[in-house]
Number of protein chains: 2
Amino acid sequence: MLLAVDCIIFGFDGTDLKLLLIKRGFEPEKGRWSLMGGFVQPKETLEQSAARILKELTGLEDVYMEQLHAFSEVERDPIERTVSVTYTSLIDINKYKKQLNNDFHSEWFPLKKLPSLIFDHRDMVEMAKEKLRYKAAFHPIVFELLPEKFTLPQLQSLYEGIYGALMDKRNFSRKVLSTGLLIKQKDKERLSSKRGAFYYKLDKRKYQTKFNSFLNFIPNPNNLN
Amino acid sequence: MLLAVDCIIFGFDGTDLKLLLIKRGFEPEKGRWSLMGGFVQPKETLEQSAARILKELTGLEDVYMEQLHAFSEVERDPIERTVSVTYTSLIDINKYKKQLNNDFHSEWFPLKKLPSLIFDHRDMVEMAKEKLRYKAAFHPIVFELLPEKFTLPQLQSLYEGIYGALMDKRNFSRKVLSTGLLIKQKDKERLSSKRGAFYYKLDKRKYQTKFNSFLNFIPNPNNLN
DNA sequence: GCAAAAGTGTTTTTCCTACACCCATGC
DNA sequence: GCATGGGTGTAGGAAAAACACTTTTGC
């Protein structure tokens with residue numbers, strides 16, 4: 001029985017929530033889109049394995065990562081019995097633009113427009129989305145997806161992307177600012193609007209402290225998709 | 001590399017939240033307390049494996065069960081490299097009293113008085129407790145631990161056991177009744193008090209429907225342990 | 001000058017919390 | 001008749017939701 005790891009990598013580019021996929025370079029299913037995966041080596045933990053695979057295939061290092069679920073349907077890999085443990089990563093797309101796209105055929109897909117995936121990778125992605133929604137509702141986890149400096153409208157569209165819901169910007173800004181986790185900057189982002197939107201930074205010390213405190217970012221149920 | 005499953009079985013006896021352990025019958029670590037575990041067979045999923053192990057070691061069937069986490073430290077089993085996927089079960093102790101204790105050396109331990117466990121089983125239990133707290137805060141999951149008919153005081157002491165906190169019974173009953181998930185019975189439980197406490201049953205149809213809706217059973221932070 | 005997105009405040013409602021007394025019964 | 005645990009109601013405060021107008025600036 002083989003033991004594999006697959007990585008579900010969410011990214012945010014300031015507007016859309018996306019997923020990183022690679023074009024599979026070998027049989028079976030050569031040429032189709034797939035999550036980043038590989039086999040666990042005898043002397044590494046699953047976490048180390050996931051980090052290694054991510055590094056090898058994308059050049060990414062030191063990114064947020066957590067275990068999602070072990071998938072074990074007997075026939076999930078038609079060739080050989082393989083159990084796959086999945087890991088979810090969150091990254092800021094722009095930060096890692098250079099490393100990507102070069103060596104491997106990897107590509108970002110908007111969550112709403114995913115291609116067909118091999119094996120049970122679609123189930124994996126669905127579960128990861130579900131968990132991201134669940135977790136983001138109570139933990140300030142989404143900052144992993146943002147660049148160091150970001151604007152409130154960007155943060156809001158990230159939440160809206162995660163929940164597939166529209167939120168009221170007045171209530172939204174009150175809610176996020178009330179956490180005390182954001183530090184307003186003096187400069188503005190001027191690309192996406194004429195007036196420009198102030199940048200904010202995450203207060204990293206408070207982020208550490210408050211990570212496990214329950215925050216409530218659940219959008220109101222009327223607008224849930 | 002070996003692939004194993006370990007089951008963390010929580011039970012409630014009407015008063016205390018407990019954990020089911022067995023005395024390990026073989027080396028290494030023979031004679032010490034352990035979670036229920038076993039190896040995954042070539043033609044079974046992890047879920048089937050967990051259910052089989054549970055059945056074999058305890059006689060329990062059709063119990064609530066969900067995957068917790070895969071543990072993979074290289075040296076976690078000192079003899080052979082083994083990755084273990086853990087599953088959490090919730091059961092009503094009294095319902096299954098007969099099956100237990102006979103064939104295997106299994107025993108219920110109050111969560112607050114656990115013996116020393118083999119390997120990394122203690123970490124597994126800690127993570128399971130954490131997740132139970134997390135999940136029970138938003139899902140009506142704890143009913144899996146209760147008999148068909150139960151009283152509000154029993155339900156409350158279950159929540160108090162999970163969170164290690166005391167709750168106000170007036171606020172508690174308002175909160176749980178407001179979910180509309182409970183159906184009041186005409187008869188009373190008369191063992192634990194003179195006056196007797198009304199039984200309630202779970203409205204199973206609503207339970208199915210509402211399982212994924214977010215409920216808020218988080219105790220107030222002042223009393224968290 | 002106007003279109004487009006940013007930013008801001010108030011009112012209403014809902015939910016949570018704190019809190020204290022009466023009830024039914026076995027002894 | 002009293003000790004024990006069961007059951008209920010209310011008032012105050014905090015948080016969430018609904019809601020609309022003004023600001024800035026590139027074109």
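First the proteins, then the strands, lettered A, B, ... as listed; each starts at 1.
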query = What nucleotide, of C:dA20, C:dA6, C:dT25, holds the atom closest to the side chain of B:Arg190?
reply = C:dT25

Per B:Lys175 side chain, nearest of listed nucleotides D:dG7, D:dC19, C:dT17 = C:dT17

remark   = The salt bridge (Lys or Arg N to Asp or Glu O under 4.0 Å) partners of A:Arg170 (sequence neighbours excluded) come to A:Asp168

task = May I have the distance from B:Asp168 (atom CG) to D:dG7 (atom C1'), rounded to whole angstrom?
result = 12 Å

ask   = Between C:dT17, D:dA3, D:dG5, which one does the side chain of B:Arg195 approach most closely?
value = D:dG5

task = Could you state the atom-to-atom distance from NZ of B:Lys188 to P of D:dG5 in whole Å?
result = 15 Å

remark   = Per nearest nucleotide of DNA chain D, the residue lying toward the 5' end, B:Ser193 or A:Gly196, is B:Ser193

ask   = Are the aromatic rings of B:Phe138 and A:Phe138 close, with centres under 6.0 Å apart?
value = yes

message = At 4.0 Å (heavy atoms only), tell me whether A:Lys169 reaches a base, stays on the sugar-phosphate, or touches nothing.
response = base

ask   = What is the distance from CG of A:Leu191 to P of C:dA5, rounded to the nearest Å?
value = 14 Å

Please tabulate, one pair per line, all N/O donor-acceptor pairs under 3.5 Å involving side-chain atoms of residues 143-150 of chain B, not counting sequence neighbours.
unit_1   : atom_1 : unit_2   : atom_2 : d
B:Glu144 : OE2    : B:Tyr207 : OH     : 2.8
B:Lys149 : NZ     : B:Asp187 : OD2    : 2.5

request  = Find the distance B:Asn171:CG to D:dA14:P and express it as a whole number of Å.
outcome  = 16 Å

request  = Check the distance between C:dA5's P and A:Gln156's CD and give it to me in whole angstrom.
outcome  = 13 Å

request  = In whole angstrom, give the distance that lies between atom OH of A:Tyr199 and atom P of C:dG7.
outcome  = 12 Å

task = Could you check which of C:dG7, D:dT25, D:dG7 has an atom nearest any side-chain atom of A:Ala197?
result = C:dG7

Residue A:Arg170, side-chain atoms from C-beta onward, closest of C:dC19, D:dT8, C:dG9 = C:dG9

key: Closest nucleotide among D:dG6, C:dA5, D:dA20 to the B:Pro153 side chain   = D:dG6

query = When you measure from the side chain of A:Arg174, which nucleotide among C:dT10, C:dA6, D:dG7 comes out closest?
reply = C:dT10

message = What's B:Ser192 touching, base or sugar-phosphate or nothing? Going by heavy atoms closer than 4.0 Å.
response = sugar-phosphate

message = Atom CD of residue position A:Gln185 - does it have more than 12 heavy atoms of other residues, nucleotides or ligands inside 6.0 Å?
response = yes

key: Distance, rounded to the nearest Å, where A:Gln154 contributes CD and C:dA5 contributes P   = 14 Å

task = Can you tell me the distance, in whole Å, between the CZ atom of A:Phe198 and the P atom of D:dT23?
result = 15 Å

task = Answer yes if the ring centres of A:His139 and B:Tyr134 are under 6.0 angstrom apart, and no otherwise.
result = yes

message = Assuming nearest nucleotide by heavy-atom distance, tell me which of A:Lys194 and A:Leu152 is located more 5' along DNA chain C.
response = A:Lys194

